[in-house]
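This report concerns only the one structure given below.
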Protein chains: 2
Amino acid sequence: MATRADVAKLAEVSASTVSYALNGKRSIKAETRERVLDAVEKLNYSPHIAAGVLAGGKPKSVALIFPSYGGNFSSLHLDYVQGVIDGAKSRNYHVIVWPQEEVSTQEIVQFKKSGLIAGVILMEIMENDKRVKAFAKEKIPFVMIGRTNSSKTLKYVDRDFEKVAEIAAEHLVSLGHKKIAVLTQKRMVESTVISVDERFTQAVKKYTEKFGLAADFLVGDNSIASGGSFFVELFKRPKKVSAVIGLTDLATLGFVNAARAAGISIPSEISVLGLNTQLGQIDLISPALTSVYVPAKEMGNSAVNILIDELNEESVHITQQLLAGHLVVAKSTGQAPK
Amino acid sequence: MATRADVAKLAEVSASTVSYALNGKRSIKAETRERVLDAVEKLNYSPHIAAGVLAGGKPKSVALIFPSYGGNFSSLHLDYVQGVIDGAKSRNYHVIVWPQEEVSTQEIVQFKKSGLIAGVILMEIMENDKRVKAFAKEKIPFVMIGRTNSSKTLKYVDRDFEKVAEIAAEHLVSLGHKKIAVLTQKRMVESTVISVDERFTQAVKKYTEKFGLAADFLVGDNSIASGGSFFVELFKRPKKVSAVIGLTDLATLGFVNAARAAGISIPSEISVLGLNTQLGQIDLISPALTSVYVPAKEMGNSAVNILIDELNEESVHITQQLLAGHLVVAKSTGQAPK
DNA sequence: CGTAATCGTCGACACGTGTCGACAACATAC
DNA sequence: GTATGTTGTCGACACGTGTCGACGATTACG
């Protein structure tokens, strides 16, 4: 395999000149650089990464804690990871993944000391996350996908719950809806889901009020069965609603299925709008669900970019970012019945 | 950060003794090793990986081509990846992921030359896969998850289609079924799905015959709608079947939903058995689907173990492995109606 | 007791790169 | 003309580890 010395010899320059020609840290005559690049091409040279790291070069790798699979059928995590990988690649970084285990944190700290890792991307953030504390203590740069209430000073990418709620409320209002129901999930202990759900619920509360929508919040869990119960509960009430916002995938799906089974037409009798969902991406629900999608890939991409910006600390950068995602209007929402 | 020299000084031995005490490549007096290990502990020393690689040590990392997300809702890929990561970790290897792009292959070749990668895990194998050719040409060790018809001499982990078919056929026969239908997918061009589906179809053909099951093969695609069509087609026929094997997730789901909507009871009127599915893992289908699950994590785990075995080439090892996965009996299959 | 083999340890070197200081050539300013 | 940068290049060294050859100490064996 070709080394810097080989390139230097072929280009008839010194070894250090080759380095500078390649990394641009000192000025090199254009003609010389040409010669070097030609030689690089001819020898198919690429710098030995380990040697570079050892010699004090900054590592070009980022660690990613790979989520433990939670058991729902969401492709969310896959998209996060893909966003991170693509983002890293576009900036010439590599991604090293770790399983999400207790020991991993300690190992990453060591790996960082080894010089192979520049920073870390975390997902599935929990309240009082031990990893967060460990990385902060060791001063290892990290960015979170998601956040907790105590994340004020940390770097993260998260959903813009308020914006999503606003988009949703606005959409329904624009269709003439006045009374709606919101299908929420009951608080789950020690999970990232807690805050996500609470935040969404609060945001929806805020924006439905703001837009003058009467919203009824139903609490269940994220399952098909729960979706069916929502439907039953809703239609035995006297004062009916004309639209429903579902905050969880399975419950929303269950609701739609129950409605169809009961002969209730969507959207002519009731509109259904999904938030925080991946459902629309697949042909799983009928009619196709109008939703505000989770911009998962973008979030992953953004996270890794924030991290790399920090590493290069070229200037002051964004350290916290909220992404809403777009409303995709499909077949499940329509004009409110008169 | 502590280096080997620091450890050596504290343990009052030479630097090389520290190395040998840690890697066991030369015999060291037990008492000396103790001293070294104590010093390592005290200084929280861990070897600088990049330096090790540079000095000729074998890299302890494996590359994984991260699948491009195909758009179905399967968590299959997530499980593969998790299996690979866990397996690698249990053998003290790290996993570096690449997006599945044309350029990645070339980059991995370079990375390998850089000495940071020992081998590669491939998934989503296609016929005439360029990556396979490239790695074979460059003599980079790799293991595939999945295979093609021309994989005879390559290393891979794949599903044991025959065994799965046998399990399925046996289960239905044991419940007294005589006539069944099989829901298959039409050939898709240039995708890993081709061979998987063909292999399953052939295997099912073989074992239904072997067990004396009359099987009717219906061809559609993997969608809810297609599942509905299957149902319609099946029930307008004169000679009815008592059980159905679904080879794809969405079609199977569509079939079950259509049956329920039509008031056909599962399993008392018709049994449904899913192969090659992740469906049962989630509360998405009702009644719960009896299935032979894809042992995706095990496959990932196995693949990385085959790779690492090869790298260590301690002896002759398994180079090809077929995994069936277990039959999980749920609520969707029962005795054939008389 | 003498010789050979083995054990345990040490010192030295190579691996390939990043980067600092030095220095010649050249441009700029007065 | 001299004094003062600026540009372009080179040589040298450090980074931390794996491992080879050497060598004294110990053991085995006749």
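First the proteins, then the strands, lettered A, B, ... as listed; each starts at 1.
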Can you figure out which of D:dT17, D:dG8, D:dC10 approaches the side chain of A:R26 most closely?
-> D:dC10

Can you check the B:E31 CD to D:dA25 C1' distance for me, whole Å?
-> 15 Å

Contact class for A:S19 vs. all strands (heavy atom < 4.0 Å): base, sugar-phosphate, or nothing?
-> base

Could you point out which residue of A:V132, A:I121, A:V62 forms a side-chain contact (heavy atoms from CB on, under 4.5 Å) with A:F142?
-> A:V132

Between D:dG16 (C1') and B:K9 (NZ): distance, integer Å = 14 Å

So OG1 of A:T17 and CZ of A:R4: to nearest 0.5 Å the spacing works out to 9.5 Å

Between P of C:dT19 and CG of A:N23, the distance in whole Å | 7 Å

Among D:dT9, D:dT19, D:dC20, which nucleotide sits nearest the side chain of B:K25?
-> D:dT19

Might you list the N or O atoms of the protein lying below 3.5 Å from N or O atoms in nucleotides 23-26 of chain C, with each pair's distance?
none

Rounded interatomic separation in angstrom, taking CD1 from A:I49 and P from C:dC15 | 19 Å

Could you tell me the separation between the NE2 atom of A:H48 and the P atom of C:dG16, rounded to a whole number of Å?
-> 7 Å

The residue, A:S16 or B:A51, whose nearest nucleotide of DNA chain D is more 5′ is A:S16

Considering non-hydrogen atoms only, spot the tightest contact between B:R159 and B:L322 and give its length.
-> O-CD2, 3.6 Å

So, for A:I140 and A:V120, which heavy atoms are closest and what is the spacing to 0.1 Å?
-> CG2-CG2, 3.8 Å

Do the side chain of B:Y20 and the base of D:dC20 come within less than 3.5 angstrom through a donor-acceptor pair of N or O atoms?
-> yes

Nearest 0.5 Å, what's the CD-CD1 distance between B:E138 and B:I108?
-> 12.0 Å

Checking C:dT17, D:dT9, D:dG16 against the side chain of B:A55 (C-beta onward), the nearest is D:dG16

Nearest heavy-atom approach of A:A296 to A:D79 is CB-CB, 3.4 Å

Kindly point out which of C:dT17, D:dG11, C:dA12 is positioned nearest to the side chain of A:R4?
-> C:dT17

Nucleotide nearest B:I28 when distance is taken to its side chain, options D:dG16, C:dT9, D:dC10 | C:dT9

Gap separating the CG atom of A:L122 from the CD atom of A:Q100, nearest 0.5 angstrom = 8.0 Å

Between the two ends of the helix from C:dC1-D:dG30 to C:dC30-D:dG1, what is the bend in degrees, rounded to 10 degrees, where each end axis spans five pairs?
-> 30°

B:V53 near the nucleic acid: base, sugar-phosphate alone, or nothing, with a heavy-atom cut-off under 4.0 Å?
-> nothing

From the list A:Q320, A:E298, A:M123, A:M299, side-chain contact (heavy atoms from CB on, under 4.5 Å) with A:V157 holds only for A:M299

Picking from D:dT17, C:dG8, C:dG18, which would you name as closest to the side chain of B:P47?
-> D:dT17

Set of residues satisfying salt bridge (Lys or Arg N to Asp or Glu O under 4.0 Å) with respect to B:K137, sequence neighbours excluded = none

